[in-house]
Visitor: 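Here it is, the structure, as structure tokens.
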Amino acid sequence: MDLGNLNRFQTPVSHYRDLVEQKLIPKEVYDDLLEYSSQVKFIQNLIQPPEVRGYAKDRPRENEFYKDGRVQVDLTNPHILEDMDFFRERALFFEKNQKYTNIPPNSNPKSEYAEFWKEELRRWKYGLVRPSDGEWIPGTLYFYWNYSPIWLVEKVGKESANKKTKGERLKKFSKPWLGDYLYFHYTQQGKDNGKHGKILKCRGVGFSFKNASESPRNMYVYPGSGNPNFHLASDKTFLSGDKGIWGKVLDTLDWIAEHTPLPKMRIVDGKKAMELQLGYADEFGNRKGLLSSVFGISMKDNPDKARGIRGPLIHYEEDGLFPNLEKAWNVNRKAVEDGDVSFGYMLAGGTGGVTGGSFAGSEKLFYKPDAYNIYGVPNVFDRSSNGEHNCGFFWPAYLNRNGCYDEQIGEPDVIKALVEILGDRFTVKYGSSDASAITQKKAEEPITPQEAIMRTEGTMFPVADLKDYLESIGPKKESFLAEHYVGDLILNNMGEVEWKPNSDKHPLRTYDSSDGDKTGALEIFEMPRKNAEGNIVRGRYIAGIDPIDADTGTSLFSIQVMDLFTDRIVAEYSGRPRLAVDAYELALRMLKFYNAEANYESNLKGLFSYFDSKNCLHYLADVPQVLRDMDMVKATNLYGNKAKGTNANKEINKWGRLLQAQWMQTKAHGDDEDERLNLHRMRGLAYIEECIAWNSDGNFDRVSSAGMLFILREDRMKRTLSAKENQGRPVKRITDDAFFTRNYKIR
């Protein structure tokens with residue numbers, strides 16, 4: 001893409017090139033700007049010149065859902081917005097006059113005043129179309145922009161090139177951001193297509209305000225006791241309090257009650273409990289009026305808590321914190337669907353960097369929308385994705401960043417925003433002593449969805465670097481995997497193990513193997529290296545095993561082999577064969593093939609028994625001496641299975657993960673010409689995904705097998721260092737013992 005020909009809303013890239021030459025911004029920031037601009041299609045679409053992006057008048061008006069001349073809105077390649085104040089007339093009028101209309105109040109249902117408010121209700125429901133060019137906004141956005149004030153951050157100080165600007169929060173109507181325009185069109189397109197919604201977003205885009213405005217709007221345009229609205233959260237703190245959505249719902253309803261003539265009486269006021277219903281009771285106690293309602297429900301650890309609810313809106317607040325999001329989502333689909341008909345809308349939203357969030361369920365909803373009846377759009381948000389697959393809606397940090405957009409129409413200055421975001425990352429990267437600080441920064445202000453779903457606490461792995469590496473593999477995945485060997489290890493007529501390719505075998509190359517066949521297949525990244533005599537040196541190859549003990553279960557058997565000469569993982573099998581002994585036999589053949597010794601989790605005894613029956617215990621490592629030296633295991637009474645492998649516990653597993661993380665961030669062996677780390681040499685895609693997704697609540701079999709591997713690696717390194725330290729020292733003989741010098745004459 002030509003970065004010299006951009007639309008007028010972008011700061012010229014040349015401006016930042018000059019700042020680099022003047023040493024006012026780091027060259028790394030500028031290089032990252034060019035990298036993201038060249039790899040993220042959505043960024044390219046937003047910065048294109050007007051003759052490429054076009055305007056509303058250039059878009060087709062053949063809209064299958066509407067017959068009033070509305071244009072088709074492309075969510076991933078949007079046109080340039082114009083005169084958005086056309087859609088904010090009521091908000092602008094109120095800010096000037098402190099009321100919505102100058103028409104005198106009149107109770108006559110056919111009066112001008114009554115007609116005015118009937119038209120406003122119509123716009124709340126169906127939106128507003130600009131006849132001149134077909135530009136339009138959904139009813140939810142019309143309501144949000146004109147009837148739901150939010151807290152805005154406004155600048156109150158002077159802006160400088162290298163310093164932050166002072167600001168303050170003010171209660172005002174929302175500005176016409178392109179992000180709002182796309183988000184509300186996304187939810188509307190989902191509803192029109194009978195589907196639901198999933199959004200990943202950066203922090204600070206007012207997501208709670210947007211969703212707190214939808215239930216009050218629904219209560220007026222879809223009245224009746226059969227149309228309740230629901231806001232769900234994993235914990236009550238995300239519903240109540242200053243940061244909770246429930247207070248924002250009440251604020252919006254209070255605003256409508258104070259500034260419009262619409263019904264305001266409430267049967268249940270929502271002040272004490274998170275339940276509110278519009279209406280009144282007559283003299284006989286009968287409920288009258290709109291009778292529409294809204295509820296806030298804390299799910300805690302019970303995904304069935306909201307079972308049986310029905311209504312036009314079910315919203316999941318901070319879905320990255322739901323421990324059973326998938327189950328809750330599937331349970332509640334019955335609340336908004338009847339066969340192939342969707343009569344309600346579910347929306348899940350998550351913010352990157354939420355402490356305690358694993359984002360496992362949120363990630364699945366985002367990247368597999370079809371499996372959950374979620375409205376998917378082409379994924380142009382990730383690096384080099386180019387829209388081949390669908391995903392949910394992503395609100396990146398560069399979309400309408402404060403101070404980086406046009407105030408009149410909301411078009412973003414993507415280039416300026418990226419430089420600010422990357423500059424902040426640079427400062428954190430080189431200025432913080434906290435290893436997880438850069439991960440937290442990326443997750444809270446993500447440029448891509450992969451950054452948004454990073455786990456920011458409880459992990460030792462370099463998640464940010466692993467994600468960058470995994471994304472870099474994406475465009476060349478086929479050629480990357482083509483270098484691997486997939487097949488079987490067979491015994492020849494001499495009883496030796498030989499390699500045999502098998503194209504019918506399929507390794508498990510993704511961490512999410514919940515669906516389909518879990519058998520897996522052996523995947524070799526590098527064949528064993530032989531010396532000049534044609535032998536594999538004993539001690540060159542080591543392995544780590546996370547075993548299974550039963551023929552049934554969900555855990556995978558995992559074995560990984562490492563070449564200690566190159567410090568690279570060279571082979572892996574992870575899977576669940578029909579019988580546990582099939583996994584044991586494959587592991588034995590792998591160890592024979594590489595002449596390797598394996599450390600394994602000895603908590604389960606099946607592997608030891610199998611190797612013992614084959615007279616092959618010499619392929620299983622003794623309890624690593626390094627664990628004894630560190631007092632992690634007792635050094636006495638070690639026999640049988642207890643004398644082999646590692647009896648894993650919480651402390652040992654934690655140390656195993658630490659060793660993996662340290663290895664990943666160590667400069668790769670043999671890469672003297674560049675700065676590649678060991679993580680850039682990793683070949684197991686599912687292992688990389690496991691390290692990214694690791695959390696204390698999940699099951700990560702490859703991480704477990706690698707933990708055993710790296711403990712054995714550490715043991716071998718300690719032995720090697722000890723041997724080097726003893727080089728040159730005189731060899732002690734038994735006759736050198738003081739016993740002989742005391743009792744026998746030296747001849």
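As the structure is a computational prediction, the values presented were derived from the model and not from experiment. Hydrogens, waters and symmetry mates play no part in the numbers below; they use all other heavy atoms, side chains included.
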Visitor: Testing the 3.5 Å rule here: is there a donor-acceptor pair between the side chains of Asn7 and Gln10?
Guide: yes

Visitor: With a 3.5 Å cut-off and no angle check, do the side chains of Asn678 and Thr666 form a donor-acceptor pair?
Guide: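 Looking only at side-chain atoms, Thr666 and Asn678 do not form any donor-acceptor pair under 3.5 Å.
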
Visitor: Side chain of Asn193, backbone of Lys195: donor and acceptor closer than 3.5 Å?
Guide: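 Side chain of Asn193 to backbone of Lys195, a donor-acceptor pair under 3.5 Å: no, none is there.
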
Visitor: Do Thr510 and Leu685 have side chains that get closer than 4.5 Å, going by heavy atoms?
Guide: no

Visitor: Using 0.5 Å steps for rounding, measure from the CD1 atom of Ile80 to the CG atom of Asp406.
Guide: 11.0 Å

Visitor: Tell me yes or no: between the side chains of Tyr375 and Gln189, is some donor less than 3.5 Å from an acceptor?
Guide: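 Judged by distance alone, the side chains do pair up.
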
Visitor: Between Gln660 and Tyr687, do the side chains contain a donor N or O and an acceptor N or O under 3.5 Å apart?
Guide: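 Looking only at side-chain atoms, Gln660 and Tyr687 do form a donor-acceptor pair, the distance falling under 3.5 Å.
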
Visitor: Within the 3.5 Å criterion, strictly below it, is a donor on Tyr147 or Arg217 matched to an acceptor on the partner's side chain?
Guide: no

Visitor: Cut-off 3.5 Å, side chains only: do Tyr181 and Glu135 have a donor facing an acceptor?
Guide: yes

Visitor: For a side chain to side chain contact (heavy atoms under 4.5 Å, CB included) check, start with the C-alpha distance between Glu28 and Tyr430, then their side-chain angles and the critical distance, and finish with the verdict.
Guide: CA-CA 12 Å; Glu28 181 177 326; Tyr430 295 104; 2.8 Å; yes

Visitor: Under 3.5 Å, is there a donor-acceptor pair between the Asn45 and Thr76 side chains?
Guide: no

Visitor: Is there a donor in the side chain of Gln188 and an acceptor in the side chain of Asp192, or the other way round, less than 3.5 Å apart?
Guide: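 The criterion, which ignores hydrogens and geometry beyond distance, is satisfied for Asp192 and Gln188.
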
Visitor: Between Tyr372 and Glu326, is any side-chain donor less than 3.5 angstrom from a side-chain acceptor?
Guide: yes

Visitor: Think Arg657 forms a cation-pi with Phe461, using NZ or CZ under 6.0 Å from the six-ring centre and within 45 degrees of its axis?
Guide: no

Visitor: Looking at Phe366, does the NZ or CZ of Lys198 lie under 6.0 angstrom from its six-membered ring centre and within 45 degrees of the ring axis?
Guide: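 No; the conditions do not both hold, so Lys198 does not lie above the ring face of Phe366.
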
Visitor: Assess the side chains of Thr351 and Glu318: does a donor N or O sit below 3.5 Å from an acceptor N or O?
Guide: yes

Visitor: Do other residues, nucleotides or ligands put more than 12 heavy atoms under 6.0 Å from Glu95 CD?
Guide: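 Yes, CD of Glu95 has more than 12 neighbouring heavy atoms, counting only those of other groups under 6.0 Å.
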
Visitor: Would the distance check show the side chain of Trp136 and the main-chain N or O of Val71 forming a donor-acceptor pair, the cut-off being under 3.5 Å?
Guide: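 Pair found, side chain donor or acceptor close to backbone of Val71.
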
Visitor: Under 3.5 Å, is there a donor on one side chain and an acceptor on the other for Tyr367 and Asp382?
Guide: yes

Visitor: Can you see whether Ser208 engages Lys248 through a side-chain donor-acceptor pair at a distance of less than 3.5 angstrom?
Guide: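 Side chains of Ser208 and Lys248: no pair found under 3.5 Å.
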
Visitor: Ignoring hydrogens and angles, state whether a donor on the side chain of Asn386 or Lys41 is under 3.5 Å from an acceptor on the partner side chain.
Guide: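 There is no such pair between these side chains.
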
Visitor: Please determine, by modelled atom types, if Gln48 and Gln44 share a side-chain donor-acceptor pair under 3.5 angstrom.
Guide: no

